[in-house]
Protein chains: 2
Amino acid sequence: MTTNQMGQTEKKYYTQFAKIHVAVDCIIFGFLENQLKILLLKRNFEPGMGKLSLIGGFVKEEESLDDAAARILYDLTGLKNVFLEQLYSHGKIDRDPGERVISVSYYALLKVQDLDHDHVKKHGARWCNIGECQELIFDHNEMVVGALHRLRRMTKSQPIGFELLPRKFTIPQLQMLYEAIYQKTFDNRNFRKKLLAMDVLEKLETKDKSSSKKGAFLYRFDKKRYNKLHQDGFLFDL
Amino acid sequence: MTTNQMGQTEKKYYTQFAKIHVAVDCIIFGFLENQLKILLLKRNFEPGMGKLSLIGGFVKEEESLDDAAARILYDLTGLKNVFLEQLYSHGKIDRDPGERVISVSYYALLKVQDLDHDHVKKHGARWCNIGECQELIFDHNEMVVGALHRLRRMTKSQPIGFELLPRKFTIPQLQMLYEAIYQKTFDNRNFRKKLLAMDVLEKLETKDKSSSKKGAFLYRFDKKRYNKLHQDGFLFDL
DNA sequence: TCAAAAGTGTTGTTGATACACCCATGA
DNA sequence: TCATGGGTGTATCAACAACACTTTTGA
C-alpha cells in the first residue's frame, strides 16, 4: 500500500514485475515542394548524439501513449489537433544502445501551411525527402518504412490524404500528393473520375492560379457528407 | 554507472525518466467445430479475479516483446512456432485498475489439432465463440474486436488462413473457415475458382472422407511456390 | 500567339457476381 | 436407391486501364 498525490491509499499489485522505459517516436509527414517529406532532428544527447533521428521522447507516468505522442508533436511543431495514429511497438532488447527502451511509433500528417517554420528550425529540425533520408539512429529507418507502408494503405482506403493539404486544394494538387506518396504517376482523367465519383468533395467557386494561368478550381473535403455515406456502407477507395 | 551480470560496466542514460509496467495480451484464434473461437482464461489473481480475460503476462527485462508473447503462448499451449503477430499497444493510464500497465496485444493463429487439450484445461482456459464471449476484463473486448478486424484484413490479402487448419485440408474446410471469419457465406464455385486460380495449393491424391461419403480431396499450401510468385509481384487475394 | 496547365469521354478488357446441375458414395 | 456433400461452367455486369484533344489565360 502506498499513498498517492490525492491522499488516497493505492494498492500496488504488480510490484514484483519489472518496469521498462517506454518512449514514443513520431514519423511526421508533410507535403512540400510537391514532395512527401518527413521531419527529422539532429540528436543532441547521448547515445547517438549528432546523428539524425525521428522526433521522440519518453512516456511519462501520468500520460497515455496517445497523449505522449501528441505532446511530443506539439513541442516540436506548436500544433494540436493533428492527425496522429499509432503504428507499431518496437521491443527488441538492444534496439537502443543506451538502455532498454520500448518505443511506440506514431505517424502524423501535417498541413505544412499551419506550421511556424522558425519554431521548427529553432529545434534543429529539418524536412527530408522520403527515400532520401540517410541513416537514422537505432531502428528509426525501419519505423519510417513501416510508416510509409501504412500511409499508402491508409490513403488508399481512408480519406486522410487531405490532412496533408490545405483545407482548400485543387485536384491537380491532390493528384501530385498521391503521386508523391506512391512514387508513380496516375492518369489524370481516371484519377479525377474516380475521385469525383465518390462525391465527397465540395467544389468551390474560386480558383487557385498559383500554378497555372488558367487556374484550377478549389475543392474542400466534405467530412459531414463522407460520414453520412460511410454510415451507409460507402467505402473510400482511390 | 552500474555493473551488469556480465561484469561489464553499463552507462545509464535514462535514469531520470519513468519506467512503466509493460504486459502482453494474446488473442489466440482457433477453428473448432466449424467456428472461429478464441482461448480465454478465468483470471486467478487480483484485480479482476474470477473474471474472463485474455491470456497475458508481464514483459521481463531480458526479453523482447515478441519473445514475451511467444513465452506466454507457449506456457498456455505448449506450442512453439505458432503464427503470432503484434496488434496494438494499449496505453490509457487507467486501463488496468490495479496499477498503470501498458499492454501490447498480439494475435495468434493455432492449429487446434496440435494442441494438448488437457494441458490447456489444466490452466483453466476455455474456447469461446467469437462474438459470443461475454464481458472481459479491462479493455480486452476492444482487443478482441481489433484482432478480428486484423484477422479479416490479413486473411484476405495474405495466405495465413492456413495457419488455422491442419497442414492437409480440403477446399470445403477452407471455405468454412473463411465463412466463420467473415460471418457470411461464399459461393462455392467462385470461392474455388479464385482460390485455385492463384495456384498456391498442391492437390494431394488422398481424400478426406470424414465429412462426406464422396470424400473431398486434400490440399496443402505450397509455401515455396507462394514465395516465388510473391517475389514476382503476385498478390494473394481472396 | 504561344506555352503551360486544366479539364473532359469513349472503348476494350478484365475480374466479380450470380446462378443450377451432375457426381460419387455409404448407409 | 437415395440422401449428402463434392465438384464443375457460363453469362452478365461493373470497374479499371488506356488513350488524345480542347480550353483558358498570362506573358
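This one's a predicted model, so the numbers in the text were calculated from it and none came from an experiment. Here is how names work: the chains are called A, B, and so on, in the same order as the sequence lines, proteins then strands, and each is numbered from 1.
In this structure, the NZ atom of A/K194 is 13 Å from the P atom of D/dA18, given to the nearest Å. The nearest whole Å value for the distance from the CG atom in A/D208 to the C1' atom in C/dA6 is 12 Å. Here D/dG7 presents its C1' atom at 14 Å from CG of B/L195, a figure rounded to the nearest Å. When rounded to the nearest whole Å, the span between CZ of A/F186 and P of D/dC16 equals 13 Å. Between the OH atom of A/Y219 and the P atom of C/dA6 there is a distance of 12 Å, given to the nearest Å. Atom C1' of nucleotide C/dT17 and atom NZ of B/K184 are separated by 11 Å, given to the nearest angstrom. We find that CG of B/L238 is positioned 10 Å from P of C/dA16, with the value rounded to whole Å. Put simply, CZ on A/F191 is 15 Å from C1' on D/dC16, counting in whole angstrom units.
For A/G215 and A/D237, each mapped to the nucleotide of DNA chain D holding its nearest heavy atom, the one lying further toward the 5' end belongs to A/D237. Nearest-nucleotide positions on DNA chain C place A/N190 closer to the 5' end than the other of B/K207 and A/N190. The nearest heavy atom of DNA chain D to B/S212 and to A/K209 marks one nucleotide each, and the one closer to the 5' end goes with B/S212.
Relative orientation of the A/Y182 and A/Y178 rings is parallel, given thresholds of 30° and 60° on the angle between their planes. Between B/Y226 and B/F234, the ring-plane angle classifies as perpendicular under the 30° and 60° cut-offs.
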Could you give me the CA-CA distance, side-chain angles and deciding distance for B/L165 and B/F221, then say whether side chain to side chain contact (heavy atoms under 4.5 Å, CB included) is met?
-> CA-CA 10 Å; B/L165 294 178; B/F221 172 56; over 6 Å; no
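Of all the heavy atoms in B/A108 and B/V82, the pair that sits closest is CB-CG1, 4.2 Å.
Each of A/K168, A/R220, A/R167 was scored for a salt bridge (Lys or Arg N to Asp or Glu O under 4.0 Å) with A/E202, with one residue passing: A/R220.
Residue B/R189 has its side chain nearest to C/dC19 when only D/dC19, C/dC19, C/dA6 are considered. The side chain of A/P172 lies closest to C/dG7 when the candidates are C/dG7, D/dG6, C/dA5. Of the candidate nucleotides C/dA5, C/dG7, D/dC16, C/dG7 has the atom nearest to the side chain of A/F217.
Using a 4.0 Å heavy-atom cutoff across all strands shown, A/K193 reaches at least one base atom of the nucleic acid. Looking at heavy-atom distances under 4.0 Å, A/T170 makes no contact with the nucleic acid at all.
Between the side chain of A/N188 and the base of C/dA6, no donor-acceptor pair under 3.5 Å is found. Put simply, the side chain of B/K213 and the base of D/dT4 share no donor and acceptor less than 3.5 Å apart. With hydrogens and angles ignored, no donor-acceptor pair closer than 3.5 Å exists between the side chain of B/K214 and the base of C/dA24.
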